[in-house]
Amino acid sequence: MGTTKSQGSSSAVRTSAFLLCVLILAQHAAAATVNVGGNSGWTLGLNYKNWASSTKVRPNDSLFFKYDARLHNVMVVSKSDYDNCKTTSPWSKHQSGKDMIKFTKAGTYYLICGVGTHCKAGMKVAVTVRF
Ligand SMILES: *[C@@H]1O[C@H](CO)[C@@H](O)[C@H](O)[C@H]1NC(C)=O
Ligand SMILES: [Cu+2]
């Protein structure tokens, strides 16, 4: 009886350990939603360089840009347009105020606000996507 009971509990431990591993693997594979700018969102006056350097973004994670659509937008641009804050030839333009932008491949992506001089004022972010 005693033996059966101890076998039972050690198999329960093994099952739990197995489930824990599955959970960890599943979490690793699952794409996350990343709030750009943290609680501040997409806005003027935030240092997005600091934000980006402390934020992990993996392929297929969704970047969530939250902002007042009357004041801002989001443009995915080339590095050169990012550097120069050029807003006339974006790869894509988003303006819902709650945009989800997903990059499926590793790489560095450049996003700016295309309104007025916001980009020049610092409303721009370079996001490095990697595993
Ligand atoms: C990302 O999504 C694409 C298209 O849905 C898929 O082909 C690709 O394997 C995914 N990549 C990762 C790392 O999950
Ligand atoms: Cu703006």
Side-chain angles (χ1 to χ4, degrees):
M1 221 25 162
T3 316
T4 312
K5 197 172 182 186
S6 100
Q7 274 174 346
S9 67
S10 85
S11 111
V13 167
R14 258 182 274 124
T15 305
S16 318
F18 173 73
L19 287 176
L20 193 66
C21 288
V22 169
L23 197 70
I24 287 166
L25 285 173
Q27 276 184 337
H28 197 257
T33 298
V34 177
N35 294 323
V36 176
N39 290 332
S40 305
W42 186 230
T43 183
L44 284 166
L46 202 79
N47 185 329
Y48 287 96
K49 229 171 223 165
N50 285 352
W51 174 81
S53 68
S54 63
T55 305
K56 178 102 192 158
V57 183
R58 294 190 169 85
N60 289 344
D61 281 355
S62 290
L63 291 175
F64 181 53
F65 285 82
K66 189 162 187 335
Y67 57 93
D68 187 335
R70 293 166 301 181
L71 303 178
H72 306 293
N73 64 29
V74 184
M75 290 178 172
V76 183
V77 298
S78 66
K79 179 176 191 312
S80 149
D81 286 359
Y82 172 87
D83 289 339
N84 299 303
C85 286
K86 187 163 169 270
T87 59
T88 49
S89 50
W91 291 344
S92 67
K93 182 176 177 180
H94 310 260
Q95 46 199 338
S96 75
K98 42 184 180 9
D99 307 321
M100 288 283 206
I101 304 175
K102 190 185 335 190
F103 299 108
T104 59
K105 294 198 171 85
T108 301
Y109 298 91
Y110 301 92
L111 304 108
I112 65 175
C113 178
V115 175
T117 55
H118 292 189
C119 174
K120 284 208 161 76
M123 204 169 165
K124 59 196 300 198
V125 64
V127 175
T128 297
V129 175
R130 72 183 90 150
F131 289 102

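Everything numeric in this text was worked out from a predicted model, so none of it was measured. Ligands are counted one by one from 1 in listed order, and the atoms in each one are counted from 1 as well.
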K98 atom NZ: more than 12 heavy-atom contacts under 6.0 Å: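 Atom NZ in K98 is not crowded, with 12 or fewer foreign heavy atoms closer than 6.0 Å.
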
Restricting to N, O or S atoms, which atom of H72 is closest to the Cu ion (ligand 2)?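 Distance check against the Cu ion (ligand 2) picks out ND1 in H72.
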
In H118, what N, O or S atom is nearest to the Cu ion (ligand 2), if we give its atom name?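 Among the N, O or S atoms of H118, the one closest to the Cu ion (ligand 2) is ND1.
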
Less than 4.5 Å apart, side chain to side chain, heavy atoms only: is that true for I101 and S62?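 When only atoms from C-beta onward are counted, S62 and I101 do not touch, as no gap falls below 4.5 Å.
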
Residues 114-131, side-chain donor-acceptor partners within the protein, below 3.5 Å, at least two apart:
from : atom 1 : to   : atom 2 : distance (Å)
H118 : ND1    : H72  : ND1    : 3.0
K124 : NZ     : Y82  : O      : 2.9
T128 : OG1    : T108 : OG1    : 3.1

Between T104 and ligand 1, is there a nitrogen or oxygen pair with a distance under 3.5 Å?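 Checking ligand 1 against T104, no N or O pair falls under 3.5 Å apart.
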
Ligand 1 atoms in contact with F131 (distance to a heavy atom under 4.0 Å):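 Here the atoms of ligand 1 in question are 13 (C).
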
Same cluster or not: I112 versus F103, using hydrophobic residues (I, L, V, M, F, W, Y) connected whenever any side-chain heavy atoms lie under 4.5 Å apart?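 In one cluster with I112: F103, no.
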
